[in-house]
*Asks:* 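I have a structure I would like to understand better, so I am pasting it below and will then ask my questions one at a time.
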There are 4 protein chains.
Amino acid sequence: MPKVGMEPIRKAALVRATITEIGRAGSLDVTVSQIARRAGMSAALAHHYFGSKEQIFLAAMRHILSIYGAEVRGALVAAGPDPRARLEAIVRGSFTRTNFRREVVSAWLNFYTLAQTVPAARRLLTVYQRRLHSNLMHALVPLAASRAQPIAEALAAMIDGVYIREALASGAPDGMAAADFVIGFLDRELGAAP
Amino acid sequence: MPKVGMEPIRKAALVRATITEIGRAGSLDVTVSQIARRAGMSAALAHHYFGSKEQIFLAAMRHILSIYGAEVRGALVAAGPDPRARLEAIVRGSFTRTNFRREVVSAWLNFYTLAQTVPAARRLLTVYQRRLHSNLMHALVPLAASRAQPIAEALAAMIDGVYIREALASGAPDGMAAADFVIGFLDRELGAAP
Amino acid sequence: MPKVGMEPIRKAALVRATITEIGRAGSLDVTVSQIARRAGMSAALAHHYFGSKEQIFLAAMRHILSIYGAEVRGALVAAGPDPRARLEAIVRGSFTRTNFRREVVSAWLNFYTLAQTVPAARRLLTVYQRRLHSNLMHALVPLAASRAQPIAEALAAMIDGVYIREALASGAPDGMAAADFVIGFLDRELGAAP
Amino acid sequence: MPKVGMEPIRKAALVRATITEIGRAGSLDVTVSQIARRAGMSAALAHHYFGSKEQIFLAAMRHILSIYGAEVRGALVAAGPDPRARLEAIVRGSFTRTNFRREVVSAWLNFYTLAQTVPAARRLLTVYQRRLHSNLMHALVPLAASRAQPIAEALAAMIDGVYIREALASGAPDGMAAADFVIGFLDRELGAAP
DNA sequence: AATGAATGAGGATTCATTCAT
DNA sequence: GATGAATGAATCCTCATTCAT
């Protein structure tokens, strides 16, 4: 067993465990002990690496957001330069199997509430929103000109809305259907007389 | 002064206090003492009337949902029989000044997370979703025929999305603008080629 | 069992228990649980009444200092107007059986260290020192004129010195001997050529 | 670079760090990590060298007491055989700039409380007291005959009293003034009619 | 009806100490 | 020699809930 360089390993394990536990509990009322136990270590060690429960939560948020960002970036690269294709990439990237999992959706919802209390959490979500908006605008301007702005906002709201509603749904999340749904809406917006 | 008939008064005060405190804290991490203090009574009395903290939360949810329902019903009555007018009434009812207040938005968000844990809370939100869906469908079927269903879902998602995003916004909520925004979307959906 | 007006009773019990426990442990490393248990209640109740461990310690200090003040005041009243008698009263009041008990001496010593960390504790000790100084000066000025000031300081230092040394002694404190010892010193100071 | 012979260097660094940290904190509530960090090493190494926190504290006490002893011995050598000069040397040695520093005074006070709990600490302080007493007696017997004993005790108490009061003072310690103060007292005691 | 009194259960956090490398 | 890794045991404090009055 290696006894050195554990920090990144432990931290990653804790982040994963945090998301799992939040998803499982459906709330942020998760103890550090629970998280640590699932990550296979003592609560003391979790504190040793993160300093506080809040930092653990923030790391989990960062993780989810960075995964999200990576998925979208990947999809954009694959999409090439065509604006319509890029829009679809952004939307589909939001409903990837990795992102649109029950636990992640639940964590997402809980992070929204966390952001109401913890400034750092709010900042993270704001960054996410801004990046999404910017991505959407770049692709929408060539297609919708002056209506790019409202369409971008509507898309963002709808993506969040679909997420939050999924949090209450009973079956397993169907990312493909969700993405199709949002893209259908997008196409009608683009097709509407300006 | 008679001491009888205090029950509904006390309960109402507690419900109001609960929503205020949740809005203020931005989370469900609110103690019964805080709620009771704001309602001008002891925590013991709050328990006497509601039995448990969970029941207090549920009563607050019911209150918010019933206010919401009342606003929408009122708007529908005023709207008369025209389907387009009725749709607009439903949307505007969702963004009334009473509904679309910071505290209420925050409480709403938190109740979504509560619904993940507490079955009774989930049931309440499901009822709200169903009623909204049913209202939308009644008005949409004459206007959009087979596309009524997806449009209704899109509208519902967008309303929730706008709410959740408002929870992170910094300024005071602008219900009028939010309603206009959603109705613009609705009209384009209705105008799109079937 | 009375169920009302417990606060002063509980608080007094906690203060007594705190002094006992500090004396017993010989340090401030005393848990709230220990204190509460000795006072016959739960740790939660101790927190309910005092809010924090620090407040409990401060209340104990205040108690000790007020007892001390009362003893000295009582002795002064009994002493009448004669300055020499008043000086003796002050010194003897410092070594009363109530004050010069093992536990109290130990608590006293520990409060000195507490005062290095906790401003409120420092303030309390400063008040004690000032009052002692003022009492001594009033009685010394008629007897020693310009040398009143240094004699007062020497007396105060010696009283504290006797206390701190008692904290290390093995037998039971002998307040009478200690007082005689300090008064002997005082008399020689007064008798010395100015 | 040879790694041998590090032990005394490391230990000395730890002892210095301990005194600094106790002085800084004004209490014994100092963690081994703090001490080790200030000494430029890991907490594990501190344990390696001393075995336990208690041993670290004791080493620090021994260090302070040995410094104290050395100062006094040095002053005695310089004083020569004259009893009065030797007394003055003892007193001045107690208020050397090295001894009468804020941190050391604070550490001293804290070691008094430590001595209430830890027998080994008590033994160390007892040794110090006995040596001081013995030194004083040797010089006092030729000057004060039968009154040597009480004067020695009074001097010792006063030195401790001045120390403890300095722990609460606000300005920087003034060892010269303190020594003058105690010597003035001594001279009056010696001058008093037997 | 109303409340102060009271507590058990739990939770974040700290820390001395041990161990494998 | 030196340290990062790791943890068990504590400790302060909070809080929902119950009870006697």
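First the proteins, then the strands, lettered A, B, ... as listed; each starts at 1.
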*Asks:* With a 3.5 Å limit on both atom pairs, tell me what E/dA20 is paired to, counting Watson-Crick and G-U wobble, or say none.
*Replies:* F/dT3

*Asks:* Measure from CG on C/Leu14 to P on E/dA6 and round the result to the nearest Å.
*Replies:* 10 Å

*Asks:* For B/Ser42, which contact category applies under a 4.0 Å heavy-atom criterion: base, sugar-phosphate, or nothing?
*Replies:* base

*Asks:* Need to verify one output field. Residue with the more 5' nearest nucleotide on DNA chain F, C/Ser33 or B/Ala43?
*Replies:* C/Ser33

*Asks:* So, does C/Arg10 get its side chain near the phosphate of E/dA6, meaning an N or O under 4.0 Å from OP1 or OP2?
*Replies:* yes

*Asks:* What integer distance in Å separates D/Gln55:CD from E/dA16:C1'?
*Replies:* 14 Å

*Asks:* To the closest 0.5 Å, what do you measure between CZ (D/Arg37) and CD (D/Glu21)?
*Replies:* 8.0 Å

*Asks:* To the side chain of D/Lys53, which of E/dG8, F/dT18, E/dA16 is closest?
*Replies:* E/dA16

*Asks:* Taking C-beta and beyond as the side chain, do D/Arg10 and D/Phe50 meet within less than 4.5 Å on heavy atoms?
*Replies:* no

*Asks:* For the backbone of C/Ala167 and the side chain of D/Gln116, can you confirm whether one donor and one acceptor N or O come within less than 3.5 Å of each other?
*Replies:* yes

*Asks:* So which nucleotide does E/dA1 pair with, by the Watson-Crick or G-U wobble rule with both distances under 3.5 Å?
*Replies:* none

*Asks:* Verify, without hydrogens or angle tests, whether C/Arg122 (side chain) and D/Leu168 (backbone) share a donor-acceptor contact under 3.5 angstrom.
*Replies:* yes

*Asks:* Could you check how far CD1 of A/Ile35 sits from P of E/dG10, rounded to whole Å?
*Replies:* 18 Å

*Asks:* Examine distances only and state if a side-chain atom of C/Lys53 and a backbone atom of C/Val30 form a donor-acceptor pair shorter than 3.5 Å.
*Replies:* yes

*Asks:* Measure the distance from CG on D/Leu45 to C1' on F/dT3 and round it to the nearest whole Å.
*Replies:* 8 Å

*Asks:* Rounded to whole angstrom units, what separation is found between the CD atom of C/Gln34 and the P atom of F/dA10?
*Replies:* 11 Å

*Asks:* If you check the D/Met41 side chain, which of E/dA5, F/dT3, F/dA5 turns out closest?
*Replies:* F/dT3

*Asks:* Between B/His48 and A/Thr31, which is nearer to the 5' end of DNA chain E once each is assigned its nearest nucleotide?
*Replies:* B/His48

*Asks:* C/Val32 side chain: which of F/dC12, E/dA12, F/dA16 is closest?
*Replies:* F/dC12

*Asks:* Consider the side chain of C/Ser52, meaning its heavy atoms from C-beta on, and name the nucleotide among E/dA2, F/dC13, E/dA6 that approaches it most closely.
*Replies:* F/dC13

*Asks:* Provide, to the nearest angstrom, the distance between the CD atom belonging to A/Glu7 and the C1' atom belonging to F/dA5.
*Replies:* 11 Å

*Asks:* For B/Ile64, run the side-chain contact (heavy atoms from CB on, under 4.5 Å) check against B/Val104, B/Leu124, B/Thr18, B/Val15 and tell me which one passes.
*Replies:* B/Val104

*Asks:* Does C/Tyr49 make a side-chain N or O approach to OP1 or OP2 of E/dA6 shorter than 4.0 Å?
*Replies:* yes

*Asks:* Does C/Ala46 or D/Glu54 map to a spot on DNA chain E nearer the 5' end, using the closest nucleotide for each?
*Replies:* C/Ala46

*Asks:* Taking only the side-chain heavy atoms of A/Ala44 (C-beta and beyond), determine which of F/dA6, E/dT18, F/dG8 contains the nearest atom.
*Replies:* F/dG8

*Asks:* What is the distance, to the nearest angstrom, from the NE2 atom on A/His47 to the C1' atom on F/dA5?
*Replies:* 17 Å

*Asks:* Round to the nearest Å and state the distance from C/Phe50 atom CZ to F/dC12 atom P.
*Replies:* 15 Å

